[in-house]
2 protein chains.
Amino acid sequence: MNSSTPGVPLRADAARNVTQIRAAAIAAFRGRGLGTPLEEIAAAAGVSKATVYNRFGGRDGLIDAVIGELVAAELHAIMDRARWVDDPWQAVATYVGDRRDLQFREPAFTDALLMLYPNSAQLVALATAATDMTERLLRRGHDAGVLREDFTAGDLYYADVANGLALRALRTPSREDYDRRTRFFIDGLHPR
Amino acid sequence: MNSSTPGVPLRADAARNVTQIRAAAIAAFRGRGLGTPLEEIAAAAGVSKATVYNRFGGRDGLIDAVIGELVAAELHAIMDRARWVDDPWQAVATYVGDRRDLQFREPAFTDALLMLYPNSAQLVALATAATDMTERLLRRGHDAGVLREDFTAGDLYYADVANGLALRALRTPSREDYDRRTRFFIDGLHPR
DNA sequence: GGATAACTTGACGCTAGGGTCAAGTTGACG
DNA sequence: CGTCAACTTGACCCTAGCGTCAAGTTATCC
């Protein structure tokens, strides 16, 4: 369990395993979410389950090791994009739409939203950053009077969780259907 | 497994058990959804798990035996109410709002929506009836031009599943928050 | 090329829940 | 009040997944 202790370098075989496990975990998490059985990931990496525990200390450590590559980068890109949109309404619409898009492409994002594995430090940091961003954007929209006044950050969170879970529970909708539903939601955010 | 064979009446003790198991199942399904462990229901009814299998033949049979009392009656009431609303927009709004209300009160409704246990004949019948009703109401709304033209029965289904799953995954929201979110959704259904 | 610390792993124990059955108990009927 | 079919049940097996460890293997360094 010291893939993250640069002071003592790993032995060559162990380093190779770390690489393979990370790759397998990323692929598996992409396809099945952060709850994928560790045994399956181990098998895909060509090692035994125990090695995953040795190298990463369990699911939380493994998530910590790959969450950046999986969603942190994308989510930060989404936040940056929203930050640079001048029009307050467009900023909200872009942000909400981009989050939906990420949900469609990355089931793991929904697990991250749900904080199913809150022992991952990276995940906690991500959640905090995203919540901040959401609150800032909504305040801008409210102040400018372009956003329904009774719409809160909690409402967006709830809607995203709902959408993510449905996406997983149901057979994946066509992109067209999905985008139309996203549009319904965004349209509902205009002031009444 | 013959609680439903009126030709051969049950022995007194068996009949008593059927009653107790039904009651326990209804309470458990109300609280935890249709997936509640049968062992738990058996314990609450004061019988062993095997007796539940003897009397009802497993989860599907048990659901069939109580789904009416759990949600069929309520859902039919909702459909009737919508049928008698003259204004096409109000009919849709009432129907959608009432379904959301039922979801809030009855987690089992979401399981029924998801058809998690499609071997229950009653559940299949319910689903068919509800889908019909939805389609009829939406057509009325579209024809009257009071409902967003691109809103479909599938969209309503997706939204309800999403809402039900979020309701279960997250800590239950206040009634106020919940109703506000329902309002967002309904407001989004007006024509653009 | 040997010593040894680092590393890997098969086999194991644990939990939760589904489902079944032989053996025992009991209600109902003559 | 005895007989027997109806009924109940504890004990069992099965699956899926998590997490651990003693014993064996191997990379590395001298």
Side-chain angles (χ1 to χ4, degrees), chain A residues 1-25 28-29 31-65 108 111 116-120 168, chain B residues 1-25 28-29 31-65 108 111 116-120 168:
Chain A
M1 212 261 275
N2 59 3
S3 61
S4 52
T5 322
V8 184
L10 288 175
R11 226 170 70 176
D13 52 349
R16 198 185 328 121
N17 286 338
V18 164
T19 308
Q20 281 163 350
I21 293 169
R22 285 186 91 255
F29 288 163
R32 296 242 259 134
L34 302 184
T36 312
L38 293 188
E39 253 166 320
E40 195 172 297
I41 293 172
V47 302
S48 91
K49 181 175 49 144
T51 297
V52 176
Y53 282 91
N54 287 340
R55 292 293 124 236
F56 295 93
R59 186 181 304 282
D60 289 339
L62 188 52
I63 290 175
D64 236 58
D111 292 327
L116 248 37
Y117 308 97
N119 296 315
S120 159
R168 185 163 322 167
Chain B
M1 212 260 276
N2 59 2
S3 60
S4 50
T5 322
V8 183
L10 288 175
R11 229 170 68 174
D13 51 349
R16 198 184 329 119
N17 285 339
V18 165
T19 308
Q20 281 164 349
I21 293 170
R22 285 187 91 255
F29 288 163
R32 296 244 258 131
L34 301 184
T36 312
L38 293 187
E39 254 168 317
E40 195 173 296
I41 292 172
V47 302
S48 91
K49 181 174 48 145
T51 297
V52 176
Y53 281 91
N54 288 339
R55 292 295 123 236
F56 295 93
R59 186 181 304 282
D60 289 340
L62 188 52
I63 290 175
D64 235 58
D111 292 327
L116 248 36
Y117 309 98
N119 298 313
S120 158
R168 184 162 323 165

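Order of the sequence lines sets the chain letters (A, B, ...), proteins ahead of strands, with each chain counted from 1. Below, all heavy atoms of this structure are taken into account, side chains as well, without hydrogens, waters or symmetry copies.
Remark: C1' of D/dC18 and CG of A/Leu116 are 15 Å apart, rounded to the nearest angstrom. For A/Leu62 and D/dG19, the CG to C1' distance is 15 Å, given to the nearest whole Å. The distance between atom CG of A/Asn119 and atom P of D/dG19, rounded to the nearest whole Å, is 10 Å. Regarding A/Phe56, its CZ atom lies at a distance of 15 Å from the P atom of D/dG19, rounded to whole Å. In this structure, B/Gln20 places its CD atom 10 Å from P of D/dT8, rounding to the nearest Å. Atoms CD (A/Glu40) and P (D/dG19) sit 16 Å apart, rounded to a whole Å.
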Report task. Sugar-phosphate atoms are those with a prime plus P, OP1 and OP2; base atoms are the rest. Using that split, label each nucleotide of nucleotides 19-30 of chain C B, S or - for protein heavy atoms under 4.0 Å, 5' to 3'. Result -> BBB----BSS--

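The residue among A/Pro37 and B/Ala15 whose nearest nucleotide of DNA chain D is located toward the 5' end is B/Ala15.
For B/Ala25, the side chain to side chain contact (heavy atoms under 4.5 Å, CB included) partners are B/Phe29, B/Ile41, B/Leu62, B/Val66, not counting sequence neighbours. With sequence neighbours excluded, the residues satisfying side chain to side chain contact (heavy atoms under 4.5 Å, CB included) with A/Glu40 are A/Arg32, A/Thr36, A/Pro37. Annotation: salt bridge (charged side-chain N to carboxylate O under 4.0 Å, His left out) contacts of B/Arg59 (sequence neighbours excluded): none. Not a single salt bridge (charged side-chain N to carboxylate O under 4.0 Å, His left out) links B/Arg16 to another residue, sequence neighbours left out. With sequence neighbours excluded, the residues forming a side chain to side chain contact (heavy atoms under 4.5 Å, CB included) with B/Ser48 are B/Ala50, B/Thr51, listed by chain and number.
Look at A/Ser48 and you won't find any side-chain N or O under 4.0 angstrom from OP1 or OP2 of C/dT8.
Panel note: side chain B/Asp111, backbone B/Leu34; a donor-acceptor pair is recorded below 3.5 Å.
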